[in-house]
Amino acid sequence: MSDATSSQHQVCIAGTGSYLPEKVLTNADLEKFVETSDEWIFTRTGIRERRVAAEGEFTSHMAAKAGQKALEQAGLSPDEVELIIVATITPDTLTPATACYVQQQLGAMGAVAFDISAACSGFLYAMKIAKRLISDGAFTNALIIGAEKLSSFINWKDRTTCVLFGDGAGAAVLRRAAPEEGSILATEMGTDGRLTHLLNIPGGGSACPITPENAGQHLASLAMMGKEVFKHAVNRMKESAELVIERSGLQPEDIALVVPHQANLRIIDAIADRLAVPTERVFVNLQKYGNTSAAAVAIALDEAHRAGAIKRGDHIVMVVFGAGLTWAAAAVRW
Ligand code: COA
């Protein structure tokens with residue numbers, strides 16, 4: 001699905017924020033309860049450690065903290081927020097939406113709030129939706145958040161998945177921009193529902209409720225066919241990044257920074273190579289946090305921004321991939 005070019009209003013990213021829970025779980029910690037090694041995890045993925053939310057710390061709590069920081073940076077008070085979209089596959093409850101809890105925790109009582117479910121692609125799906133709603137004039141600003149408590153949906157005995165994921169939240173404030181300000185230049189998103197079986201949480205939904213009979217089978221945990229996912233991730237991310245670069249009228253050498261989904265360093269290196277962007281212009285923080293699904297690109301964007309790796313006028317490209325299968329990309333002039 002592509003952008004139309006007749007948007008009424010330009011839309012910029014006015015602030016970013018992130019939150020990571022305090023508890024660090026290292027590869028060495030994992031070695032103690034599952035048959036794995038730091039060497040295997042690091043060489044196959046690039047991950048050294050991940051964060052795990054505290055008991056009683058939910059997705060909404062992390063989302064609200066990341067959102068608060070983004071609002072502060074944007075100079076927007078909670079009562080001015082018009083729209084909150086939370087991208088998550090690990091909601092506090094199946095209903096109501098996690099965004100409703102976030103609205104209440106922020107005190108953003110004037111905002112319309114809802115969730116979207118697009119796995120690791122959710123933050124950029126939210127960006128496209130919010131951008132369009134602002135450019136069409138329905139809202140003047142939006143708080144978009146990617147937040148996950150994946151530790152609640154992991155089978156901690158399954159070494160093929162439990163070493164990969166972590167908890168956290170990232171956020172951005174989008175608002176109507178003046179012509180001289182930066183803007184979101186192009187967005188792209190896609191889905192292939194024929195590949196739902198490659199990566200999913202099979203239980204806990206209406207297809208397979210958790211019952212006393214199946215409760216011990218870890219059906220409400222992430223299941224993945226890693227090799228297949230890897231192949232699709234590289235192809236789809238490359239294609240969608242190329243599309244937004246082309247639609248923005250940019251060349252690879254114009255890109256100051258690529259901020260990709262943080263799942264696997266080998267996937268990121270393969271994409272950088274295919275896009276002909278040198279690795280020093282690709283932001284990576286997965287060694288610290290693992291794959292935090294919808295939160296990953298949002299946390300990376302915030303860390304890159306706060307570290308000074310993104311400056312006013314820079315062109316950046318974000319690109320993501322996840323269960324569904326889903327994928328998305330955005331090109332932004334900061
Ligand atoms: N520790 C040690 N050994 C492990 C292990 C672990 N944590 N997990 C799997 N292994 C073993 C396997 O059992 C297998 O052993 P075998 O050869 O005796 O059968 C061996 O390591 C190789 O496993 P394989 O699955 O072929 O490894 P891989 O090179 O494909 O790497 C992933 C596995 C998951 C790291 C990789 O496929 C990947 O990153 N895929 C993409 C996943 C992803 O990004 N998902 C999220 C998308 S949003």
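Throughout, residue positions are numbered sequentially from 1 according to the sequence presented. If you're wondering where the values come from, they're calculated on a predicted model, not measured in any experiment. Ligands are counted one by one from 1 in listed order, and the atoms in each one are counted from 1 as well.
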Hydrophobic clustering (ILVMFWY, side-chain heavy atoms < 4.5 Å, transitive) - are V320 and F283 grouped together?
yes

All heavy atoms of A108 vs all of V81, minimum pair found to be CB-CB, 4.3 Å

For atom 46 (C) of ligand 1, which candidate among V34, L265, N291, D158 provides the closest heavy atom?
N291

Full working for side-chain contact (heavy atoms from CB on, under 4.5 Å) between V11 and R175
CA-CA 6 Å; V11 178; R175 68 161 166 75; over 6 Å; no

for atom 40 (N) of ligand 1, nearest protein heavy atom and its distance come out as G226 O, 2.9 Å

Measuring to protein heavy atoms, does anything land under 4.0 Å from atom 25 (O) of ligand 1?
no

If you take the centroid of each ring, where Trp contributes its six-membered ring, are W334 and H305 closer together than 6.0 Å?
yes

Nearest protein heavy atom to atom 9 (C) of ligand 1, by residue and atom, and its distance?
W40 CZ2, 3.5 Å

Counting heavy atoms only, which part of I267 comes closer than 4.0 Å to ligand 1: side chain, backbone, both or neither?
side chain

For atom 27 (O) of ligand 1, the closest protein heavy atom turns out to be R44 NH1, 3.1 Å

Any side-chain donor near an acceptor of the partner, N264 and T45, under 3.5 Å:
no

Please determine, by modelled atom types, if S240 and E188 share a side-chain donor-acceptor pair under 3.5 angstrom.
no

For T45, which part has a heavy atom under 4.0 Å from ligand 1: side chain, backbone, both, or neither?
side chain

For atom 7 (N) of ligand 1, closest protein heavy-atom neighbour:
R159 O, 2.9 Å

Before signing off on this row, confirm whether T36 and ligand 1 have an N or O atom pair separated by under 3.5 Å.
yes

Can you figure out which of G322, C162, A233, A263 has its heavy atom closest to atom 44 (O) of ligand 1?
A263

When you measure from atom 36 (C) of ligand 1 to every protein heavy atom, which one gives the shortest distance, and what is it?
R266 NH2, 4.0 Å

Protein contact to atom 48 (S) of ligand 1 [nearest heavy atom, distance to 0.1 Å]
C120 SG, 3.1 Å

